[in-house]
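Inspection log for the structure reproduced underneath, given as structure tokens.
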Amino acid sequence: MSIEAHDLHHEFPEMSEQIRELKMNDRHFARLFEEYHEVDKEVRKIEEQAEAASDERLENLKLKRLHLKDDLYNMLKQA
């Protein structure tokens with residue numbers, strides 16, 4: 001099974017410049033960006049079966065990733 005990339009540059013390729021700019025100049029964005037990528041890394045480990053987890057834990061991580069992505073996207077739209 002192929003694991004889909006969910007990093008922000010793949011999710012929003014048209015906003016790469018805004019992502020870079022906000023990471024460097026907005027501490028809140030940078031913190032959420034790092035949190036998003038940590039959660040995404042955990043999800044990928046579970047999906048690749050490198051780490052065991054319950055279905056509930058995986059779903060909770062995916063939901064957290066989605067909420068973070070929504071927050072980051074809203075910040076990108078306003079930039």
Side-chain angles (χ1 to χ4, degrees):
M1 179 170 99
S2 177
I3 306 298
E4 188 176 328
H6 284 280
D7 65 272
L8 286 184
H9 292 284
H10 278 89
E11 293 288 321
F12 309 121
E14 72 283 0
M15 296 180 158
S16 287
E17 184 61 33
Q18 293 101 315
I19 292 169
R20 189 181 66 74
E21 188 72 28
L22 284 173
K23 275 179 25 184
M24 294 177 63
N25 298 313
D26 186 321
R27 294 178 92 189
H28 180 64
F29 182 89
R31 184 182 60 76
L32 290 178
F33 180 88
E34 286 304 316
E35 186 177 354
Y36 175 85
H37 283 282
E38 287 301 314
V39 171
D40 185 50
K41 189 163 71 172
E42 284 184 62
V43 169
R44 280 197 322 264
K45 281 183 186 177
I46 294 168
E47 288 178 338
E48 292 169 351
Q49 299 176 345
E51 185 176 301
S54 67
D55 288 342
E56 183 179 353
R57 179 164 184 263
L58 178 59
E59 290 306 312
N60 286 337
L61 285 169
K62 285 182 174 182
L63 189 59
K64 183 175 183 177
R65 180 177 65 184
L66 180 62
H67 288 298
L68 286 166
K69 184 168 71 171
D70 286 345
D71 291 344
L72 289 163
Y73 179 72
N74 286 327
M75 293 175 78
L76 286 164
K77 283 193 331 188
Q78 294 175 5

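Values in this document were obtained by computation on a predicted structure and should not be read as measured data. Excluded from the calculations below are hydrogen atoms, water molecules and symmetry mates; all remaining heavy atoms, backbone and side chain alike, are included.
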Item to check | Carboxylate-amine/guanidinium proximity below 4.0 Å for E17 and R20 | outcome: yes
Next on the checklist: How about CG on D55, more than 12 heavy atoms from neighbouring residues, nucleotides or ligands closer than 6.0 Å, or not?
Outcome noted: no
Checklist entry - Between atom CG of L32 and atom NE2 of H28, what is the distance when rounded to the nearest 0.5 Å? => result 4.0 Å
Checklist entry - Minimum heavy-atom separation for L22 to M75, with atom names? => result CD1-O, 3.9 Å
Checklist outcome for this item: Output for pair (K77 NZ, M15 CE), nearest 0.5 Å, gives 7.5 Å
Next on the checklist: Using a 6.0 Å cut-off, check whether atom CD of Q49 has over 12 heavy atoms from anything other than its own residue.
Outcome noted: no
Checklist entry - So, E35 and K64, do they make that salt bridge, N to O below 4.0 Å? => result yes
Next on the checklist: So that I can tick it off, tell me whether E47 and K62 are bridged by a salt bridge, with the cut-off set at under 4.0 angstrom between side-chain N and carboxylate O.
Outcome noted: yes
Checklist outcome for this item: Correct closest heavy-atom pair for P13 and S16 would be O-OG, 3.2 Å
Checklist entry - F12 and I19: which non-hydrogen atoms are nearest, and at how many Å? => result O-CD1, 4.2 Å
Checklist entry - So how far is it from K69 NZ to D7 CG, rounded to the nearest 0.5 Å? => result 10.5 Å
Checklist entry - With the 4.5 Å side-chain cut-off for hydrophobic clustering, are Y73 and V39 part of the same group? => result yes
Item to check | Rounded distance (nearest 0.5 Å) linking atom CZ of R31 with atom CG of L68 | outcome: 9.0 Å
Item to check | Atom pair CG/CD of L76 and E11 - distance to nearest 0.5 Å | outcome: 11.5 Å
Checklist entry - Which value, rounded to the nearest 0.5 Å, describes the distance between E38 atom CD and E42 atom CD? => result 7.5 Å
Checklist entry - Can you check whether E21's main-chain N or O pairs, donor with acceptor, with N25's side chain at less than 3.5 Å? => result yes
